[in-house]
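Data first, discussion second: the structure below is written as structure tokens.
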Amino acid sequence: MKIVLGILLAGILSNNYAFLNLLGTGAVVEQAYSTKKSLLLGLGTTLVMVLCTLITWPLNTYLLASASYLQTMAFVVVLLVVMQVLYVVGKKLMKCCAADFAKLAVSGAVLGLCVNNSALDFGTAVLTAAAVGIGFMLSMTLYSKLKTVCIDEDAVPAAFRGLPISLLTAGMIVLALLALQFKF
Amino acid sequence: MKKIVALLKGMPSALLVIGAGFVMVAGSDLRAALGMGAAVLLSVLLSSAVMALLNKVIPAYAKLPAYLLVITGFVSLISMLMQAFFPVVVEMLGVHLAAMAVSMVAFRQSEEQVLSVKNALVTGLFFTVIMVLCALIREGLGSAAIWGQPITFLQDYKISTLAGAFGGYLVLAVVLALINKITGLNKEEVKEDN
């Protein structure tokens, strides 16, 4: 139980993929979504991560053992197929955010997770995928809330408007997450 | 300056799509910055060149899978070459080298115009320049080193926060703001928003 909790907390907080591992950061900070949309997109991304891990882990362990140079290509193909299948299945829910879901699902976070998980055992890999997905959802929701509530674009100097202020906002969340690692 | 601004128009948004994360990861060390910059430049350039040649041959519904295969092929090739010749750089970049493949796909998907080799070259070079700038600041002031070699007189004055995760966000934000100020790119975007 302690191990499970440790993996969950690591994936959500201290090993947050979007803000600390810098995988999929662009997709998260590109736009500030509403809370409902953030949760929906995060849930979709979590599902993609778990499904991709379920497929890529056995693929890597049993089929790609002697052809590791094909790993990236195989994982990207799996990722795209899973994303398409989920989109077709969840069309009604995803209508409001189909393009954003595609951007998030096809972000470096999912591929990076699959590559990192190939070094773990199956159970740990799936649990890590779920934890990282929840962490991704948390990152998006936190960032969106912070950006919409605390940042007034009109008060920001012209040179900092757009991407620079988005990065600084994300940096504030990073500081909070780094406190959990006692690293600065 | 006007020519540079015209070339760079839209770059910050392209940079975001392509992966601000890579800049922040690679921006902690000059070697990693140059390695990642070269990898991005080569992969975008080569894949754009191949796709430009095959553009009229491939039907519209097959363009994304075709581009996907081409880009991941080139990224895998470049990763293997870097692993052979620059293993230190690959160790620094880790999984981001592989994750670059999907960002390249996302970048091309965001381009609504015909694939352009010139555009790819400009993007790759711009990306590299930004990473090198960030690396010089973060490694120099954050780790008191350049190219892994310590700078003795700065050892007592290093700001270790800059070398960490937060430093990546801070330095990149400041560098982009400086570029916005110097080139006036942001003014056009702000005018469009208003």
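By convention in this document, chain letters (A, B, ...) are assigned in the order of the sequence lines, proteins followed by strands, and residues within each chain are numbered from 1.
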Can you name the closest pair of heavy atoms from B:Tyr169 and A:Phe19 and give their distance? OH-O, 3.0 Å
Can you name the nearest heavy-atom pair linking A:Leu167 to B:Met24, along with the distance? CD2-CE, 4.1 Å
How far does CG of B:Leu77 sit from OH of A:Tyr69, to the nearest 0.5 angstrom? 12.5 Å
If hydrophobic clusters are built by linking Ile, Leu, Val, Met, Phe, Trp and Tyr wherever their side-chain heavy atoms come under 4.5 Å apart, do A:Met73 and A:Trp57 end up in the same one? no
Do other residues, nucleotides or ligands put more than 12 heavy atoms under 6.0 Å from the NZ atom of A:Lys147? yes
Examine whether an atom of B:Leu178 lies under 4.5 Å from a heavy atom of chain A, and if so say whether it belongs to the side chain, the backbone or both; otherwise answer neither. neither
Are any side-chain N or O atoms of B:His96 and backbone N or O atoms of A:Gly108, one a donor and one an acceptor, separated by less than 3.5 Å? no
Find out if a path of hydrophobic residues (ILVMFWY) with successive side-chain heavy-atom gaps under 4.5 Å connects A:Leu54 to A:Phe75. yes
Closest heavy-atom contact between B:Asn180 and A:Pro164? ND2-CG, 3.8 Å
In Å and rounded to the nearest 0.5 Å, what is the CG to CE distance from B:Leu170 to A:Met172? 7.5 Å
For the student: nearest non-hydrogen atoms of A:Leu23 and B:Ala99, plus distance: CD2-CB, 3.8 Å
Tell me whether A:Ile3 at atom CD1 has more than 12 heavy atoms from other residues, nucleotides or ligands lying less than 6.0 Å away. no
Provide the closest heavy-atom pair for A:Leu111 versus B:Ala98 in the form atom of the first, atom of the second, distance. CD2-O, 3.2 Å
Among the clusters formed by ILVMFWY side chains lying less than 4.5 Å apart, do B:Phe74 and B:Phe85 turn up in the same one? yes
Least distance between heavy atoms, A:Thr72 atom then B:Ser76 atom: CB-OG, 3.7 Å
Select, from B:Ala177, B:Ala165, B:Gly73, the one with the greatest count of heavy-atom pairs under 4.5 Å involving chain A. B:Ala177
Tell me, for A:Ala18 versus chain B, whether the close heavy atoms (under 4.5 Å) come from the side chain, the backbone, both or neither. backbone
Please flag which part of A:Ile165 lies under 4.5 Å from any non-hydrogen atom of chain B: side chain, backbone, both or neither. neither
Joint hydrophobic cluster, B:Ile146 plus B:Leu133, side-chain heavy atoms closer than 4.5 Å: no
Using the rule that Ile, Leu, Val, Met, Phe, Trp and Tyr join whenever any side-chain heavy atoms are under 4.5 Å apart, tell me whether A:Leu8 and A:Leu43 fall into a single cluster. no
